[in-house]
Amino acid sequence: MLMNKVALIGAGMTRFHHALHKDKSSRELFVEAFLECLDSVDKGISHKDIDALFISATASEFFEHQSHTACLLSDWTGLNPIPATRIEAACASSSAALEIGVFAIASGMYDIVLVGGVEKMTTLEVDEMTYALMSGLDHPYECILGVSNPGLYAMMANAYFEKYDSSWEELTSISIKNHHNASMNPKAHFQSEIMDIAKKISQKKGLKFDNEMDFLKSPTNPYIAYPLRLFDCSPVSDGASAILLASSKKAKKFTDTPIYVTGLGHTSGTMSLHDRRYLTSIPASVEAGNIAYRMAKIESKDIDFAMVHDCFTPAEIIATEDLGFFPRGEGGRAAIEGRTRINGEKPINTDGGLKAKGHPIAATGTAMSYEVWKQLRGEADKRQVNNAEIGLIHNVGASGGTAIVQIFRR
Amino acid sequence: MNYTNSFSVKAFFDYLKEKRLMGVKCLNCKNLMIPPRLICTVCKKTNLEWFEFEGAGALETFTILHVAPTPLKEKAPYILGIVKLNEGALITGRIIGITSDKPEKIRIGMSVKADFIQESDSTLLAFKPNN
């Protein structure tokens, strides 16, 4: 239990993109997110109000040969000499940073804390990037064999298909929906429907696609790790996100619409996928969800909308089952039926998800809370969920060695 | 109490070189673990001994890796799988003896047995169809 209530009072993020930030490094990306975050504080805030920084950069040693990122970003944001600490939990790094920021305030130590994440990924070629991100897997027992992140989720997908007698076609409902949502998100990497992308490619290459499935099944959508194809995978993006947290006592000084953190669930699972009894669920997600629900004193049915960790399309289906939104084996069917669309009964990844919004690794967790912040304040424009009162984020590290679930409330 | 023992990553790979698939058995609760560990995953005791796995099992799941990391760029596409060994534990390995261009030939549940492949400087665990 938290000793003191903690609220979000500001949020900012860069657009996630592979080319737009070509000439920027981590520091410029994070400063951009930070400046928007400062600007988003309704009644204004200044540097001197911020007491501490918890920041994530998952693999900056590989991407930019840069460690000591906490100091770097504290320096470049102009926040020196506040304490700055880097938090790393693979793809779940910045939601872990947000959690630590909440603890730091709830303990009474600080009043205002900045949390966030940044990843500059496009410095490496695809094979090098794949290898860099494999550092989040079990090196001797997975990496050496050549298991990649898409490879792990591909193995979960095949186990899932076998168990529930479903197929790859089910996964396309996730990518089609998430591209649709991202088409309404000015921060998203891809701001176009899959069919629009298909049309562009067909014009360029003199091909013809009758519909989305025709395109997604074509060699234009090649295999990355069978059965996963390119459009089953989140893209490689550069980006940063930042959130300002405040004690509930101080929050009202900065905004009349604070967003409260009401549930925190954080668990660790086995490092290797093969150490799980079942491969069709991420046990750490189930446990993190249950802990967060218990703390928020709600059940999964009370969640109005959620951002879940769809690094690969099967991950969204498994997540919506692990979090209790749909029964086992029915997550894919629910997506096909439109139940997870923005106007559905359980809107999932209204911002386009990792799949279409992009997944600059350490920026992802706090970018999920950025969307929750927008939704709960009624500022999500065309992607606004009606009567959004309670939002959830679900952020997973690698194949499920880390799972974080956070619940926010207006 | 002695806090050091031999159940290391290096020992696992040294055994692989000898074509032996070694894990550990917990002397307290009989739990079998592969790769070897220092603390039992079930009862958390440290009273363990080496246990040799037969190497036979069934394919639990698989993938065909098309976009490979730098060190394996020239190897792609290659097949990976998680195998449920007959003794009960699961382990990841490369799948050999099946061509990667026919995924429909790879069946979850198919019987496989351990093989040991040499790649650059190390011996890797692989499984091939058991027929």
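Worth knowing before you read on, the calculation uses all heavy atoms, side chains too, and leaves out hydrogens, waters and symmetry mates. A, B, ... follow the sequence lines: proteins, then strands. Residue 1 opens every chain.
- Of all heavy-atom pairs spanning A:Gly146 and B:Leu65, the tightest one is O-CG, 3.7 Å.
- The shortest side-chain heavy-atom distance between B:Val9 and A:Tyr141 falls under the 4.5 Å cut-off.
- Annotation for B:Lys30: atom NZ counts as buried by contact number, over 12 foreign heavy atoms lying within 6.0 Å.
- With a 4.5 angstrom heavy-atom cutoff, A:Ile144 touches chain B via backbone and side-chain atoms both.
- Between the side chain of A:His274 and the backbone N or O of B:Thr92, at least one donor-acceptor pair lies under 3.5 Å.
- Other residues, nucleotides and ligands place more than 12 heavy atoms under 6.0 Å from the CG atom of B:Asp101.
- Interface residues of residues 32-41 of chain B toward chain A, defined by a heavy-atom distance below 4.5 Å and sorted by number: B:Ile34, B:Pro35, B:Pro36, B:Arg37.
- Between chain A and the options B:Lys84, B:Arg94, B:Glu119, heavy-atom pairs under 4.5 Å are most frequent for B:Arg94.
- A:Glu61 CD: more than 12 foreign heavy atoms inside a 6.0 Å radius.
- Residue with the most contacts toward chain A among B:Val83, B:Thr70, B:Ile117, B:Leu125: B:Thr70 (heavy-atom pairs, distance under 4.5 Å).
- Counting only residues at least two apart or on different chains, the ring pair (Phe, Tyr, Trp, His ring centres under 6.0 Å) pairs with a member in residues 64-113 of chain B are A:Tyr223-B:His66.
- For the atom pair CD of B:Glu60 and OH of A:Tyr278, the computed distance is 10.0 Å after rounding to the nearest 0.5 Å.
- Counting non-hydrogen atoms of neighbouring residues, nucleotides and ligands closer than 6.0 angstrom, the CD atom of B:Glu49 exceeds 12 such neighbours.
- Counting heavy-atom pairs closer than 4.5 Å to chain B, the top residue among A:Ser272, A:Pro140, A:Ala132 is A:Pro140.
- A distance of 10.0 Å separates SG of A:Cys143 from CG of B:Leu72, quoted to the nearest 0.5 Å.
- With no hydrogens or angles considered, no side-chain donor-acceptor pair links A:Asn158 and B:Thr61 at under 3.5 Å.
- For the pair B:Pro69/A:Asp127, no side-chain contact is recorded, criterion being any heavy-atom separation below 4.5 Å from C-beta on.
- Only the side chain of B:Pro71 comes within contact range of chain A, judged by heavy atoms closer than 4.5 Å.
- With a threshold of 4.5 angstrom between heavy atoms, A:Asp275 approaches chain B through side-chain atoms but not through N, CA, C or O.
- Taking all atoms of both residues into account, the shortest heavy-atom contact from A:Arg276 to B:Leu90 is O-CD2, 3.9 Å.
- For the set A:Val126, A:Thr130, A:Leu145, the entry with the most heavy-atom pairs within less than 4.5 Å of chain B is A:Leu145.
- Taking OG1 of B:Thr63 as the reference point, atom OH of A:Tyr226 lies at 9.0 Å (rounded to 0.5 Å).
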